[in-house]
Amino acid sequence: MNERSSTLVPFEDALTRYEPVMGLEVHVELNTATKMFCGCATAFGAEPNTQVCPVCLGLPGALPVVNEKAVESAIRIGLALNCEIAEWCRFARKNYFYPDMPKNFQTSQYDEPIAFDGWTEVEVDGEIFRIEIERAHMEEDTGKSLHVGGSTGRIHGASHSLLDYNRAGIPLIEIVTKPIEVPGDKAPAVARAYVNHLRDLMLALGVSDARMDQGSLRADVNLSLRPSGTTTFGTRSETKNVNSFRSVERAVRFEVSRHAGILDAGGSVVQETRHFHESDGSTSAGREKSDAEDYRYFPEPDLAPVAPSRAWVDELRATLPEPPAERRKRLQSEWGFSDLDMRDTVGAGALDLVAATIEAGASPAAAKKWWLGELARRSNEQGVDIAALPITPQQVAEIQSLIDAGRINDKLARSVFDGVLAGEGSAEEVVAARGLEVVSDDGALSAAVDQAIADNPDVADKIRGGKMQAAGALIGAVMKQMRGQADAARVRELILEKLS
Amino acid sequence: MSSSAISRDDVAHLASLARIDLSDDELDRLGAELPAILEHVKVVQQVAGDDVPPMSHPIPVANVFRADVPRPGLTPDEALAGAPASEEQRFLVPQILGEE
Ligand SMILES: [Zn+2]
């Protein structure tokens, strides 16, 4: 550790003197049924070392064979990012000695990526930013280490480590951008929007679960600063495994502040790997690059080259989903959203959630109301991405259908959200278990209305005299008596019946 | 590799990448032996003319693929059978130092 104790410069202050340049490397774990080079299953959360074989354990004499579906997914991802697809490319061995890869190398691609020279567009605050894609290449995931004996499962102080190789060999696509040079104040939001956009793209392609919380989408944030108005890139830091969209944004902000502090003090930034800390949004030094970067890449002799025919590429091109920007335009007009509605929806990372909720039967207005109101608020409070909330679009649509059927009202719906989010079951089950249904029994309602009239004779007189707007006070009294569990429209009807 | 020159420092660097702990004597010896071996293998380069492209695979084939269909692998017991040590159905490895 050679942590400098330079002060952090506030982000906005740093931008008065420096411009950030970012590079984003995103790893996407494919959702194939089997691993990249062997027939082992890829289920998430399986018991340790139950999805392994001689190939992914690197046992002598094992022969890897490429998963065709993974290549297909890689090509489709490349095409969706407007990349060229290589006519011919090879895998390479990235040699390193670390127990997360039992082979002592990771099979990757080096100077012959399957896809290269692409671009994509992201939207921030209604403004479109073009992101250039350097490459997208195929590789395999590593095993999972469990460090034993250290204080917090960290490697420091651990007495030994335990390895589960279920994940070793699962297909990964690494997507690397060219340097991203956008106005500094937009940089954190552009980084976040880009990663969010990749997630949407992967889901639309159906090639990955793209869940940051489960590690099937992981972002590395490279960042450097240069004095405003200059063109030479500064030294970059590489913040690894930033595991939520919000964290991507925070990591960029933190590194801008940290680099500015070092540069202001006349120091120089060390090119190194850094770790992001969710707790306070800071990063800390990992290993320095210099000695670890020598991977001795060479072409993989056990695997035949991949040479996708142009016919195959064209066939795959025809399977691409609607590009996200066009889809947004189409959905906006179908839903009747204003530009602002749409921007808020996209900005909250809720576009697919709202779309799925509408598909499940809710109206566009209702879907927007819940996701951008109640659920966005909870995701902010809990500091988790909205898509990671333990509630599905189908459940949101179900809650809305209960409201539409008059069985619960908006206020009760909030309790239903509490229950569903707490894992108490479906909306129906929560309503039943928590006794949340509005009282539709006219007998009970009628008694409550009579009581309210008796308690408020002045108000009742006003209504008798034709002042219908006074009914609100009586409705309020009835709702209070029913502890909110009444259909306000029915209460109003009853009041007017009784007093007309 | 156009030149077979390999210094004692190169050997030390390769040894550290490969996590091989070499003594000074071993570094001296390998520093002398490895260049000789490379010199010997270099004969191959004389055979390959400009018209012979470098190859990474002995057979000129491409697109050798496998369908994405799961196949049974090893049981955890089989997988761990060759491991020097295991714990909680996982491979146990000694303390990992100098990383992270
Ligand atoms: Zn396997």
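First the proteins, then the strands, lettered A, B, ... as listed; each starts at 1.
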Legend entry - Contacting moiety of B:Pro76, where chain A heavy atoms sit under 4.5 Å: both
Inset, instruction - Answer with side chain, backbone, both or neither: which region of B:Ala83 has an atom nearer than 4.5 Å to a non-hydrogen atom of chain A? - result: neither
Chain B contacts, top residue of [options] (heavy-atom pairs, under 4.5 Å):
options	value
A:Ser145, A:Ala304, A:Cys53, A:Gly143	A:Ala304
A:Thr32, A:Val71, A:Asp164	A:Thr32
A:Leu303, A:Val306, A:Leu163	A:Leu163
A:Ala70, A:Pro299, A:Pro305	A:Pro305

Is there a donor-acceptor contact under 3.5 Å linking the side chains of [X] and [Y]?
X	Y	value
A:Thr42	A:Gln51	no
A:Asn243	A:Glu278	no
A:Ser284	A:His275	no

Any side-chain heavy atom of [X] within less than 4.5 Å of one from [Y]?
X	Y	result
A:Asn241	A:Phe276	no
A:Asp100	A:Arg167	no
A:Ser73	A:Leu205	no

Legend entry - Electrostatic pair A:Glu139-A:Lys94, nearest N-O below 4.0 angstrom: no
Legend entry - ring-ring contact (aromatic ring centres under 6.0 Å, His included) partners for A:Phe37, two or more places apart: A:Phe91
Inset, instruction - For each of B:Thr75, B:Val69, B:Ile59, tally heavy-atom pairs with chain A at distances under 4.5 Å, and name the one with the top tally. - result: B:Val69
Legend entry - Options B:Arg66, B:Glu88, B:Glu87, B:Gln89, ranked by heavy-atom pairs under 4.5 Å with chain A, top entry: B:Arg66
Would you mind checking which part of [X] comes under 4.5 Å of any heavy atom in chain B, side chain (CB onward), backbone (N, CA, C, O), both or neither?
X	answer
A:Pro301	both
A:Leu57	side chain
A:Val55	neither
A:Cys56	neither
A:Lys144	neither

Using a 6.0 Å cut-off, check whether atom [atom1] of [X] has over 12 heavy atoms from anything other than its own residue.
X	atom1	result
B:Glu33	CD	yes
A:Asp314	CG	yes
B:Arg71	CZ	no

Inset, instruction - Return the orientation label for the A:Tyr295 and A:Tyr96 ring planes: parallel under 30°, perpendicular over 60°, tilted otherwise. - result: perpendicular
Legend entry - Interface residues of residues 102-116 of chain A facing chain B - heavy atom cut-off under 4.5 Å: none
